[in-house]
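Here's the structure, in structure tokens; my notes come after.
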2 protein chains.
Amino acid sequence: MMKNKIPTLKEIAEKLGISISTVSRALNDHQDISEVTKERVKALAADLNYIPNIFAKGFRTHKTNIIGVVVPNITHYFTTTLIRGILEEASLQGYRVIISESNNDVDKQTEMLNTMIQFGVDGVLMSLSKMTRDISSILKIMNTLPLILFDKASNKIPCTQVVINEEEATYNAIEHLINIGKRRIAIIKESEFSYNSEKRFEGYLRALKENNLPIDEKIILSVDDISMIQGKRMTNVLMSLKQKPDAIFAITDSAAIGVIKTLKKLHVKIPEEVAVVGFSNSINSTIIEPMLTTIDQPGQKIGATAVKYLIEEINHPNEIFINKTIEIRSNLIIRNSTFKV
Amino acid sequence: MMKNKIPTLKEIAEKLGISISTVSRALNDHQDISEVTKERVKALAADLNYIPNIFAKGFRTHKTNIIGVVVPNITHYFTTTLIRGILEEASLQGYRVIISESNNDVDKQTEMLNTMIQFGVDGVLMSLSKMTRDISSILKIMNTLPLILFDKASNKIPCTQVVINEEEATYNAIEHLINIGKRRIAIIKESEFSYNSEKRFEGYLRALKENNLPIDEKIILSVDDISMIQGKRMTNVLMSLKQKPDAIFAITDSAAIGVIKTLKKLHVKIPEEVAVVGFSNSINSTIIEPMLTTIDQPGQKIGATAVKYLIEEINHPNEIFINKTIEIRSNLIIRNSTFKV
DNA sequence: AATTACCACGCAAACGTTTGCGGTAACGTT
DNA sequence: AACGTTACCGCAAACGTTTGCGTGGTAATT
């Protein structure tokens, strides 16, 4: 089977006896072209199965219709929902998406960013890697390309950010624990370089303060690499205290699952003796028994919103954008780890 | 801060007082250029932070260094490990990756494929959507572009395929069940249009036959959209049979988890009364209690291998490739759902 | 009838790179 | 001294598209 040659503007022009520029304008619905000509051109184009050469186009216009996405870890379920939202919205708006993973490695993150701009993406969507302290390389990119942060953001970077209401969500979760009678609520969080962790911690503190509960450093635990294992380890620490907590809020579902597993091993009754709350509403949270009370983050919506704002900036390259922070609402999902029916 | 103009070959040429072509050749290590000139050019290029305009290049050479990936569902953990492998290997070889999701929608799948080729990818990596019956559109693409199938493949499409040893893996899993004394082993699978399901079913049948066990259609259950819910439903069906199974093999971890959940609700002892085996070694399989015996699929390796073969074909466009099927070995992970310590 | 206005279209340049071909100088060979 | 060879390098075309500008023609206005 022979490869039929790909049609070009030139071919269409010749077959119709008109010029290349007319064909181009006709296809782009330029006002200078009469309706009849447009019809004829479009008909033939469709007939020949014409597709514009994206490289000639990008070459000429410096527009690629590709957006770059950098995420720390693609295997997290929540991340995939973000990506799904990005993919859908981008596709809707005629954009393609290039994804890369920084593996929570700051150097790799800047490297990824650089190859992306080298590659000619129109804009970048980024979720920051942990421990991103050196912002200079990111700032440098910002005056080359539109950049929007999502999910894992940073106050220090002056750009539009799309996140969830981390602080408020946590506040609500802690308040829920207080409402069911818990008074000594522990938290398992990450170090201070994690955006999400800090925001959630703020919500935790505010909830305690506003309810006149004491803040006890002994039950505020920070770990570097939060995970199920760390959840287990920290639970052992907490439950060997003299004053044990009566609730544990883990900043992550997987850590919370580690908490539950260890509590069960220690024969601690959930939620009567210790209640547990996670964050993310991952699939796992419904598999563990008791099922985990957690905060549902609408990943798809976050991703889609981020794309919308990015394309907005791409289309208005010279405007100065006020660096909005868009907060997407999340929902507390109450399950058996805090509330027994 | 002003955007410093992006350097081009022309600039380098002018500053060095040589021609554009010489600069181009020097950077591409062409043999016609003297070492000294190469040194000078490369030094200045590095100094100016020169990056070739990918569009001019792609425009000229018809090579994009992008590979397209189409997967049915990006939110499955196993899929993300595949993608991680693809991303890593591609990056290593200087390729960028465009991902799109077919959502198990056949029409969307062909649409995705078309926009990919329209977009000028150098090759495509695809994991087939369920129920892909109309192969014609895929075949049409195959003589335009290199295509490699991975994970969800099809014997009917004549191209290189990278899969795991589905049949053998299942055979081993069933044999393990037989070894622990099980004799009436049920299977929960998908309909006959799922590649993975069929392969696994073949392994199931072979294991039973070679061990002289009867094949009973009553405990061979097929569903369209396999999931945890379906696992639950099918378990209820199986456990209300007169002759109940003493083991259930579910073609998917999530279905297997549904099985376990329902068995626990029915107060059936696992694994003494009924053992359970899944497939994939997803994270969930270690969260459910008892932990699930399952088959670990090395997703990253599959992804990386697929990329290697694809780039091989991209670099030798005119060779006829024998349509190899590469089988990556998987491992049976024995846990408490079949074997109690 | 002369001017103006507008519509519809064509010409040609430009984007940055690669590459076939031709050319010059230097050197070695006969 | 004439010729062939080699090593380096430049010229210019080509890839397909967009777009500023120019132009012929027709209709509307004066």
Side-chain angles (χ1 to χ4, degrees), chain A residues 3-42 44-45 48-66 94 117-122 315 317, chain B residues 3-42 44-45 48-66 94 117-122 315 317:
Chain A
K3 302 190 183 184
N4 33 1
K5 207 177 141 297
I6 333 162
T8 68
L9 289 184
K10 193 177 166 189
E11 271 190 49
I12 301 182
E14 281 170 358
K15 290 204 175 158
L16 254 42
I18 57 180
S19 79
I20 296 179
S21 20
T22 304
V23 176
S24 172
R25 281 189 254 253
L27 291 175
N28 291 330
D29 266 327
H30 194 283
Q31 48 172 358
D32 270 6
I33 307 299
S34 69
E35 283 305 320
V36 280
T37 317
K38 282 185 188 173
E39 292 299 328
R40 289 180 59 213
V41 171
K42 286 181 184 173
L44 183 58
L48 292 180
N49 216 332
Y50 168 77
I51 41 178
N53 181 319
I54 190 116
F55 279 88
K57 203 169 185 165
F59 175 43
R60 182 58 225 264
T61 59
H62 290 143
K63 188 131 187 339
T64 68
N65 272 43
I66 309 182
I117 66 157
Q118 160 174 10
F119 199 76
V121 297
D122 287 341
N315 289 337
Chain B
K3 302 190 182 183
N4 34 1
K5 208 177 139 293
I6 335 159
T8 69
L9 288 186
K10 193 177 168 191
E11 270 190 49
I12 300 182
E14 281 171 357
K15 289 203 176 160
L16 255 42
I18 57 180
S19 79
I20 297 180
S21 22
T22 304
V23 177
S24 172
R25 280 189 257 253
L27 290 174
N28 290 330
D29 267 325
H30 195 282
Q31 50 172 359
D32 269 6
I33 308 298
S34 69
E35 282 306 322
V36 282
T37 315
K38 282 185 188 173
E39 292 298 329
R40 290 179 59 213
V41 170
K42 285 181 183 172
L44 183 58
L48 293 180
N49 217 333
Y50 168 78
I51 41 178
N53 181 319
I54 191 115
F55 279 87
K57 202 169 185 165
F59 176 41
R60 182 59 223 261
T61 59
H62 290 144
K63 190 139 187 333
T64 68
N65 271 42
I66 308 182
I117 67 157
Q118 159 175 10
F119 200 75
V121 298
D122 287 341
N315 289 337

Base, sugar-phosphate or nothing for [X]? Non-hydrogen atoms, less than 4.0 Å.
X: B:Thr8; answer: sugar-phosphate
X: A:Thr61; answer: sugar-phosphate
X: A:Ser24; answer: base

Separation of [N] [atom2] from [X] [atom1] (nearest whole Å):
X: A:Ile33; N: D:dT19; atom1: CD1; atom2: P; value: 13 Å
X: A:Lys10; N: D:dT17; atom1: NZ; atom2: C1'; value: 13 Å
X: B:Lys38; N: D:dA7; atom1: NZ; atom2: P; value: 12 Å
X: B:Leu9; N: D:dC11; atom1: CG; atom2: P; value: 15 Å
X: B:Glu11; N: C:dG16; atom1: CD; atom2: P; value: 9 Å
X: A:Lys63; N: D:dT19; atom1: NZ; atom2: C1'; value: 17 Å
X: A:Gln31; N: D:dT19; atom1: CD; atom2: P; value: 13 Å
X: A:Asn65; N: D:dT17; atom1: CG; atom2: C1'; value: 14 Å

Taking the side chain as everything from C-beta on, heavy atoms only, tell me whether [X] gets closer than 4.5 Å to [Y].
X: B:Lys57; Y: B:Asn65; answer: no
X: A:Thr8; Y: A:Asn53; answer: no
X: B:Leu27; Y: B:Leu9; answer: yes

Q: Using modelled atom types only, decide if a donor and an acceptor are shared between the side chain of B:Asp122 and the backbone of B:Thr64 within a distance under 3.5 Å.
A: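 Such a contact is found between B:Asp122 side chain and B:Thr64 backbone.
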Q. Does a side-chain N or O from B:Thr22 land closer than 4.0 Å to OP1 or OP2 of D:dC9, or not?
A. no
(Q) So, does B:Thr37 get its side chain near the phosphate of D:dC9, meaning an N or O under 4.0 Å from OP1 or OP2? (A)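 Answer yes for this pair, as a side-chain N or O of B:Thr37 is under 4.0 Å from OP1 or OP2.
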Q. Hey, does the side-chain of B:Ser21 have a donor or acceptor N/O within less than 3.5 Å of a partner on the base of D:dC11?
A. yes
Q) C:dC7 base to A:Asp32 side chain: any donor-acceptor pair below 3.5 Å? A)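 Under the 3.5 Å cut-off, the side chain and the base do not form any donor-acceptor pair.
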**Q.** Heavy-atom pair of closest approach, residues B:Phe55 and A:Gly120
**A.** CE1-O, 4.5 Å
Q. Any salt bridge (charged side-chain N to carboxylate O under 4.0 Å, His left out) pairs touching residues 21-30 of chain B, not counting sequence neighbours?
A.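 Passing the test, one end in residues 21-30 of chain B: B:Asp29-B:Lys38, B:Asp29-B:Lys42.
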Q | Interface with DNA chain C, restricted to residues 50-59 of chain A and to heavy atoms under 4.0 Å | A |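 Nucleic-acid contacts, sorted: A:Phe59.
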For residues 16-23 of chain B, please give each side-chain donor-acceptor pair under 3.5 Å, one per line with the distance, not counting sequence neighbours.
from	atom 1	to	atom 2	distance (Å)
B:Ser19	OG	B:Ser21	N	3.4
B:Ser19	OG	B:Ser21	OG	3.2
B:Ser19	OG	B:Thr22	N	3.2
B:Ser19	OG	B:Thr22	OG1	3.0

Q) Which comes earlier along DNA chain D counting from the 5' end, the contact point of B:Arg25 or that of B:His62, where each point is its nearest nucleotide? A)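 Result: B:Arg25.
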